[in-house]
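Residues: numbered from 1 along the sequence shown.
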Amino acid sequence: MKKRQDKLVGPVVSLPTFVDDDHNLLLDRQAKHIRWLMDHGIGVDGNGVLLAAGGYGEGYFLDDAELFALIDVLVDTAGDKAPTMIGVFDLNARTAARRSRYAGDAGIDFIELGLPHYSCPSEEDVYLYTKYVNDNADVGLMNYNNFWVTPAPKYEITRSLMERFIDLENVVGFKWSSASPAHYVGLLKLFAEEFNFIDNGMMNSQGARFGMAGFVDFFGNVAPSLSLTKWEMFRDGRYDELDELLDALHFDTDNRLSNEAPAFTSVADGVFGHVRWEVMGLHAGPNFPAQAPAPQALYDHTRQVFTESGLMDHVEWDQSILDE
């Protein structure tokens, strides 16, 4: 397990899923984008993990054949040069185990394993679900504390559950955030030596200061040098510099303009990923049906935030790369 944990570090870059207008996978484009990221340092030499079929990658909407095709192209392209991860979000533990087993057998390093949800699960539900996948697939598991997807009263991974997870050999880490600052820091302080915690939505250096092993960063898809700069500050303990950068690019302007953001919700977060990537020049194709499209006002607001924050100045991606 320790060897697996050593790979779960740095920016976990959640990839888009490239499709045509009829939602057929464009695997050649997927491979070109993965190679471009690796050429720019993402995933290589301990500098992160490549995540396909995450929330931003439409993982909720992929059938088995589509997911398995993404797994194959990710493994074939990354080889042994970069750690790899696939998102699995299923209520059915047998389905989650089947998908995870295919991924592990193909050579994927990690599964981002979402909480099972329909009604709000109990701790025993989450434990048994994770144990079933653990026992039926030989692949590292990064459990996702995506508490907001569960109905009221909302379920969060608890201290007692983490203690039980220690005995599950494939559970190596957590994609971590919390509705409670005390819970966010408290479990990190207690279990950072047992598991690798990956900061979800890193807003400041607090998690890094208390033992996080990395962070989720979808901006790396278009601005890999920026992701690696954040990782260097994170890894080297340059926390004040990291806070200054995060405030400038990912907090101050967004907070200042928050009252101008148009009201919009979605059944999943892939729509928001598409808006952000398209504003930054990466076009992966339409969202899978039948998600409501984002309004033009959201594109306009996002562009304003990204421009005024200076984030657009860090974009390295050029869509013409896909035509080479």
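- Listed by first then second residue, pairs satisfying side-chain hydrogen bond (donor to acceptor under 3.5 Å, both in side chains) with a partner in residues 41-62 read Asn47-Trp231, Tyr56-Arg276, Glu58-Asn287, Glu58-Gln291, not counting sequence neighbours.
- Remark: Arg29 fails to qualify as a cation-pi partner of Phe18 under the 6.0 Å distance and 45° angle criteria applied to the six-membered ring.
- Taking the ring centroids of Trp36 and Trp317, they lie under the 6.0 Å cut-off.
- With rounding to the nearest 0.5 Å, the separation of CG in Leu115 from CG in Asn143 is 7.5 Å.
- Cluster membership check: Phe251 does not share its hydrophobic cluster with Leu249, using side-chain heavy-atom separations under 4.5 Å among Ile, Leu, Val, Met, Phe, Trp and Tyr.
- By the 4.5 Å heavy-atom criterion applied to side chains, Leu187 and Met162 are counted as neighbours.
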>> Run the salt bridge (charged side-chain N to carboxylate O under 4.0 Å, His left out) test on Asp240 and Arg209 for me, step by step, so that the C-alpha distance in whole Å, both residues' side-chain angles and the decisive distance to 0.1 Å come before the verdict.
In response: CA-CA 10 Å; Asp240 291 342; Arg209 293 173 191 263; 3.1 Å; yes

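- In this structure, the side chain of Gln5 engages the main chain of Glu194 through a donor-acceptor pair within 3.5 Å.
- Here side-chain hydrogen bond (donor to acceptor under 3.5 Å, both in side chains) pairs that include residues 61-70, with residues two or more places apart or in two chains, are Asp64-Arg98, Asp64-Arg99.
- Between the side chain of Asp125 and the backbone N or O of Ser122, at least one donor-acceptor pair lies under 3.5 Å.
- Ring centers of Phe197 and Phe210: at least 6.0 Å apart, outside the cut-off.
- A donor-acceptor pair shorter than 3.5 Å cannot be found between the side chains of Asn255 and Ser258.
- Below 30°, between 30° and 60°, or above 60°: for Phe195 and Phe174 the angle between ring planes is above 60°, a perpendicular geometry.
- Note: Met85 CE to Leu74 CG = 10.5 Å, rounded to the nearest 0.5 Å.
- Using modelled atom types, one side-chain atom of His33 and one backbone atom of Asn221 make a donor-acceptor pair closer than 3.5 Å.
- Phe234 places none of its side-chain heavy atoms less than 4.5 Å from the side chain of Tyr239.
- Listed by chain and number, the residues in a side chain to side chain donor-acceptor pair (under 3.5 Å) with Glu308 are Arg256, Gln304 (sequence neighbours excluded).
- Leu50 CG to Leu15 CG: the interatomic distance, rounded to the nearest 0.5 Å, is 5.5 Å.
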> Does the side-chain hydrogen bond (donor to acceptor under 3.5 Å, both in side chains) test come out yes or no for Asp72 and Tyr102, once each step is laid out?
Replying inline: CA-CA 10 Å; Asp72 291 342; Tyr102 184 96; 2.9 Å; yes

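- Considering OG of Ser225 and NE2 of His314, their distance stands at 10.0 Å, rounded to 0.5 Å.
- Between Phe306 and Phe219, the distance from one ring center to the other falls under 6.0 angstrom.
- At distances below 3.5 Å, not a single donor-acceptor pair connects side-chain atoms of His183 with backbone N or O atoms of Ser177.
- Of the possible donor and acceptor atoms, none in the side chain of Asp217 sits under 3.5 Å from a partner among the backbone N and O of Val13.
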>> Determine whether His23 and Phe61 satisfy the following criterion, side-chain contact (heavy atoms from CB on, under 4.5 Å), listing intermediate values before the conclusion.
In response: CA-CA 11 Å; His23 305 99; Phe61 301 97; over 6 Å; no

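- For Leu62 against Gly57, the heavy-atom pair with the smallest separation is CD1-O, 4.3 Å.
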>> Evaluate Glu124 against Arg164 for salt bridge (charged side-chain N to carboxylate O under 4.0 Å, His left out), listing each step before the verdict.
In response: CA-CA 10 Å; Glu124 190 67 9; Arg164 299 174 75 184; 3.0 Å; yes

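- A continuous path of Ile, Leu, Val, Met, Phe, Trp and Tyr side chains, each step under 4.5 Å between heavy atoms, connects Val75 with Ile111, placing both in one hydrophobic cluster.
- For Asp254, there are no salt bridge (charged side-chain N to carboxylate O under 4.0 Å, His left out) partners, not counting sequence neighbours.
- Side-chain contact check for Ser309 and Asp252: no donor-acceptor pair (N or O, by modelled atom type) lies under 3.5 Å.
- Residues Pro295 and Phe264 come closest through the heavy atom pair CD-CD1, 3.5 Å.
- When hydrophobic clusters are built by joining Ile, Leu, Val, Met, Phe, Trp and Tyr residues whose side-chain heavy atoms come closer than 4.5 Å, directly or via intermediates, Leu188 is grouped together with Leu190.
- Note on Leu245 and Leu311: same hydrophobic cluster, where clusters join Ile, Leu, Val, Met, Phe, Trp and Tyr whose side-chain heavy atoms are under 4.5 Å apart, directly or indirectly.
- Although no hydrogens or angles enter the test, the distance criterion places a donor-acceptor pair under 3.5 Å between the side chain of Lys32 and the main chain of Leu322.
- Taking hydrophobic clusters as Ile, Leu, Val, Met, Phe, Trp and Tyr residues chained together by side-chain heavy-atom distances below 4.5 Å, Leu91 does not share a cluster with Val267.
- Every side chain to side chain donor-acceptor pair (under 3.5 Å) that Asp300 has, sequence neighbours left out, goes to Gln296.
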> After noting the C-alpha distance and the side-chain angles of Asn134 and Leu141, does the key distance pass the side-chain contact (heavy atoms from CB on, under 4.5 Å) rule?
Replying inline: CA-CA 8 Å; Asn134 176 89; Leu141 303 180; 4.1 Å; yes

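- The two residues Gly87 and Leu51 make their nearest non-hydrogen contact at N-CD1, 3.8 Å.
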> Which is it for Asp323 and Ser320 under the side-chain hydrogen bond (donor to acceptor under 3.5 Å, both in side chains) test, yes or no, and what are the steps along the way?
Replying inline: CA-CA 5 Å; Asp323 299 322; Ser320 66; over 6 Å; no

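- Considering all non-hydrogen atoms of both residues, Pro151 and Tyr118 come closest at CG-O, 3.1 Å.
- Applying the side-chain hydrogen bond (donor to acceptor under 3.5 Å, both in side chains) test to every pair with at least one member in residues 150-162, sequence neighbours left out, gives these pairs: Glu123-Thr158, Glu123-Ser160, Asn145-Glu156, Glu156-Ser178, Thr158-Ser160, Arg159-Glu163.
- Judged purely by atom type and a 3.5 angstrom limit, Asp20 uses its side chain to pair as donor or acceptor with the backbone of Asp22.
- Residues Pro16 and Ala284 approach most closely at CB-CB, 3.8 Å, considering heavy atoms.
- Considering CZ of Phe110 and CG of Asn196, their distance stands at 7.5 Å, rounded to 0.5 Å.
- Checked by atom type and distance alone, the side chain of Asp90 never pairs as donor or acceptor with a backbone atom of Thr95 at under 3.5 Å.
- Using a cutoff of 4.0 Å between basic side-chain nitrogens and carboxylate oxygens, Arg238 and Asp243 are not scored as salt-bridged.
- Side-chain atoms of Leu70 and Gln30, non-hydrogen and from C-beta on, do get closer than 4.5 Å to each other.
- In terms of heavy-atom proximity, Ser100 sits nearest to Val139 at O-CG1, 3.8 Å.
- With contacts defined as side-chain heavy-atom distances shorter than 4.5 Å, the pair Ser227/Ile42 qualifies.
- Side chain of Asn200 to backbone of Trp176: no donor-acceptor contact under 3.5 angstrom is found.
- Taken to the nearest 0.5 Å, the CZ atom of Arg4 stands 8.0 Å off from the CG atom of Asp109.
- Relative to the ring axis of Tyr144, Lys175 places its NZ or CZ within 45° and under 6.0 Å from the centre.
- With hydrogens and angles disregarded, no donor-acceptor distance shorter than 3.5 Å links the side chain of Asn146 to the backbone of Val149.
- Between Leu246 and Met202 the shortest side-chain heavy-atom distance falls below 4.5 Å.
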